[in-house]
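What follows is a single structure, written as structure tokens, with notes after it.
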Amino acid sequence: MAYNCVVLIKQVPDTKRITGKAMNDDGTVNRSALPAIFNPEDLNALELALQIKDKFGGQITVITMGPPAASAILRDSLFRGADDAVLITDARCAASDTLATSYILSCAVKKVDYDIVLCGRQAIDGDTAQVGPQLAEKLGVPQITYVEELTELNGKSITVRRNIGTGWQQVKAKLPVLLTVTGDANEPRVAAAKKMMKYKNARTPAEIEREMKADNPNANEQDLKSLVEMKQNDLSNKGLLIKQWDLDEVEADLSWCGRDGSPTKVHRIQTVVLAAKESKDVEPNDKGIADMVHELIEDKTIA
Ligand code: FAD
């Protein structure tokens with residue numbers, strides 16, 4: 001039996017490359033100063049979906065909610081083996097917290113035929129790990145978080161191994177199901193050269209509009225509209241037009257989206273600087289290490 005998988009992916013700032021310029025003066029993240037990357041654990045979620053497809057067959061749809069630039073990770077997913085990709089982009093999504101984000105994503109997932117929904121465990125920017133569990137709740141499907149390994153898939157149910165920090169659990173759930181996948185689950189495959197050649201020109205409508213404006217700076221509004229339509233039709237005929245949905249298309253209730261749908265209120269943003277006050281040389285031998293451990297236990301730094 002084949003299984004249709006939906007993978008939720010997020011484009012995130014590369015938080016490993018934080019520099020002094022990474023924060024704005026008001027304490028918010030200066031996204032333009034950081035390179036945008038595929039959220040690492042979403043690559044593990046996609047890899048697990050690809051392994052399911054390799055073994056059992058089925059379709060993989062990747063969905064992201066973000067600005068037009070997030071189209072890059074959709075293309076990357078097509079290079080790696082996804083069959084279909086959707087960008088949810090709409091100015092009315094701005095200021096969405098995790099509750100609003102998971103609501104909007106749930107509206108989109110409901111438009112797709114799925115057996116298994118896969119998320120990364122956590123995004124490296126927002127870092128809450130809330131979106132997967134909230135999405136499962138809104139879809140009304142069971143969820144298994146911290147998935148490390150798929151053990152069995154038999155048409156009606158799925159069994160996986162999940163990491164519980166001090167060990168692991170084997171958990172069985174009925175399909176359809178939502179999984180959140182950890183970075184230890186697998187080694188994400190790289191993009192396939194043939195698929196890169198096939199999809200390198202795939203674009204979302206928002207990207208086409210942006211490119212047409214840049215290429216034709218003197219075109220008037222009407223000419224620009226025709227050029228965009230022509231390009232969209234051309235890519236659509238070649239199977240290279242990436243789907244783009246707004247909040248109307250996913251039939252979202254606007255009162256659950258954006259600022260209105262976000263109960264989280266940011267009270268204060270604080271920059272924490274951890275400054276080293278003192279340093280101590282430790283002799284590079286067993287005694288030096290034993291003395292240091294003893295001292296750390298004495299001052300209750302470790303138990
Ligand atoms: P996690 O819960 O850690 O992510 C877990 C998994 O969920 C990911 O691995 C991925 O599989 C999936 N996932 C998460 N987000 C997405 C997504 N967007 N698309 C597809 N899959 C996803 N962010 C903005 O970009 N613009 C804003 O204007 C904005 N305003 C905010 C206002 C407030 C008050 C707050 C609290 C947050 C705001 N955010 C905004 C951040 C936004 O809420 C989070 O980035 C988003 O909800 C995801 O949460 P997370 O990063 O903690 O993801």
Side-chain angles (χ1 to χ4, degrees), residues 5-15 24 26-32 34 36-49 60-74 76-77 82 85-109 111-112 114 116-139 143-147 178-185 188 204 243-247 250 252 256-269:
C5 294
V6 176
V7 187
L8 280 310
I9 59 172
K10 184 180 182 192
Q11 192 184 47
V12 292
D14 188 353
T15 47
N24 294 315
D26 63 1
T28 56
V29 177
N30 178 12
R31 286 175 192 262
S32 59
L34 290 166
I37 58 166
F38 207 125
N39 183 52
E41 288 184 326
D42 300 355
L43 282 172
N44 299 103
L46 176 60
E47 177 59 31
L48 185 55
I60 299 177
T61 304
V62 287
I63 300 180
T64 191
M65 178 180 120
S71 312
I73 57 168
L74 295 175
D76 191 348
S77 303
V86 182
L87 171 71
I88 305 166
T89 197
D90 191 315
R92 294 168 294 178
C93 294
S96 292
D97 65 5
T98 60
L99 201 67
T101 299
S102 57
Y103 169 69
I104 297 165
L105 293 176
S106 74
C107 295
V109 173
K111 300 256 163 218
V112 183
Y114 68 87
I116 305 168
V117 180
L118 300 103
C119 292
R121 176 190 58 111
Q122 194 160 348
I124 59 168
D125 57 344
D127 241 5
T128 66
Q130 291 173 359
V131 170
Q134 289 176 348
L135 179 57
E137 183 73 21
K138 291 182 171 71
L139 294 172
Q143 58 178 284
I144 311 178
T145 54
Y146 290 84
V147 171
L178 181 143
L179 312 177
T180 78
V181 181
T182 71
D184 294 330
T204 53
K243 290 189 182 108
Q244 183 179 313
W245 295 343
D246 62 14
L247 291 180
V250 299
W256 285 82
C257 306
R259 202 174 300 279
D260 288 348
S262 300
T264 315
K265 301 289 170 246
V266 179
H267 172 58
R268 184 161 53 102
I269 295 169

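From a predicted model like this one, the values you see are computed outputs, not experimental measurements. Side chains included, hydrogens not; waters and symmetry mates left out as well; all remaining heavy atoms used. Atoms within each ligand, like the ligands themselves, are counted from 1 in listed order.
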Handout entry: Under 3.5 Å donor-acceptor, Asp97 side chain and Ala100 backbone
Key =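 Such a contact is found between Asp97 side chain and Ala100 backbone.
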
For [X], counting its heavy atoms only, list the atoms of ligand 1 lying under 4.0 Å from any of them.
X: Leu8; value: 10 (C), 11 (O), 21 (N)
X: Thr264; value: 34 (C), 36 (C)
X: Gln130; value: 2 (O)
X: Ala94; value: 28 (O)
X: Ile9; value: 19 (N), 20 (C), 21 (N)
X: Asp125; value: 51 (O)
X: Ile63; value: 20 (C)
X: Thr101; value: 46 (C), 47 (O)

Can you tell me which residue and heavy atom of the protein come closest to [atom], and the distance to 0.1 Å?
atom: atom 51 (O) of ligand 1; value: Lys10 NZ, 2.6 Å
atom: atom 22 (C) of ligand 1; value: Leu105 CD1, 3.8 Å
atom: atom 4 (O) of ligand 1; value: Ala123 N, 3.5 Å
atom: atom 52 (O) of ligand 1; value: Thr128 OG1, 2.5 Å
atom: atom 30 (N) of ligand 1; value: Ala95 CA, 3.1 Å
atom: atom 18 (N) of ligand 1; value: Met65 O, 3.0 Å
atom: atom 8 (C) of ligand 1; value: Asp42 OD1, 3.5 Å
atom: atom 42 (C) of ligand 1; value: Ser96 O, 3.3 Å

Problem - Nearest protein heavy atom under 4.0 Å from atom 24 (C) of ligand 1, yes or no - result: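 No, because not a single protein heavy atom sits under 4.0 Å from atom 24 (C) of ligand 1.
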
Practice task
May I ask you to check if ligand 1 and Asn39 share an N or O to N or O distance below 3.5 Å?
Solution key: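 Yes - when backbone and side-chain N and O of Asn39 are compared with those of ligand 1, one distance drops under 3.5 Å.
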
Exercise for the section: Could you say whether the N/O atoms of Gly120 and ligand 1 ever approach to under 3.5 Å? Expected result: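 For ligand 1, there is an N or O atom that lies under 3.5 Å from one belonging to Gly120.
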
Exercise for the section: Drop me the distance from Glu41's CD to Ile9's CD1, to the nearest 0.5 angstrom. Expected result: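 Glu41 CD to Ile9 CD1: 14.5 Å, rounded to 0.5 Å.
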
Problem - Leu135 and its side chain to side chain contact (heavy atoms under 4.5 Å, CB included) partner, picked from Leu8, Val6, Ile104 - result: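 Checked Leu8, Val6, Ile104 against Leu135; only one passes side chain to side chain contact (heavy atoms under 4.5 Å, CB included): Leu8.
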
Practice task
Please name all residues satisfying side-chain contact (heavy atoms from CB on, under 4.5 Å) with Cys107, sequence neighbours left out, ordered by chain then number.
Solution key: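 Cys107 satisfies side-chain contact (heavy atoms from CB on, under 4.5 Å) with Tyr103, Val250, Ala252 only.
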
Handout entry: The one among Pro67, Gly126, Ala129, Ala70 that brings a heavy atom closest to atom 1 (P) of ligand 1
Key =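 Residue with the shortest heavy-atom distance to the ligand atom: Ala129.
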
Problem - With sequence neighbours excluded, residues passing salt bridge (Lys or Arg N to Asp or Glu O under 4.0 Å) with Lys10 - result: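 Partners of Lys10 by the salt bridge (Lys or Arg N to Asp or Glu O under 4.0 Å) criterion, ordered by chain and then number, come out as Asp125.
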
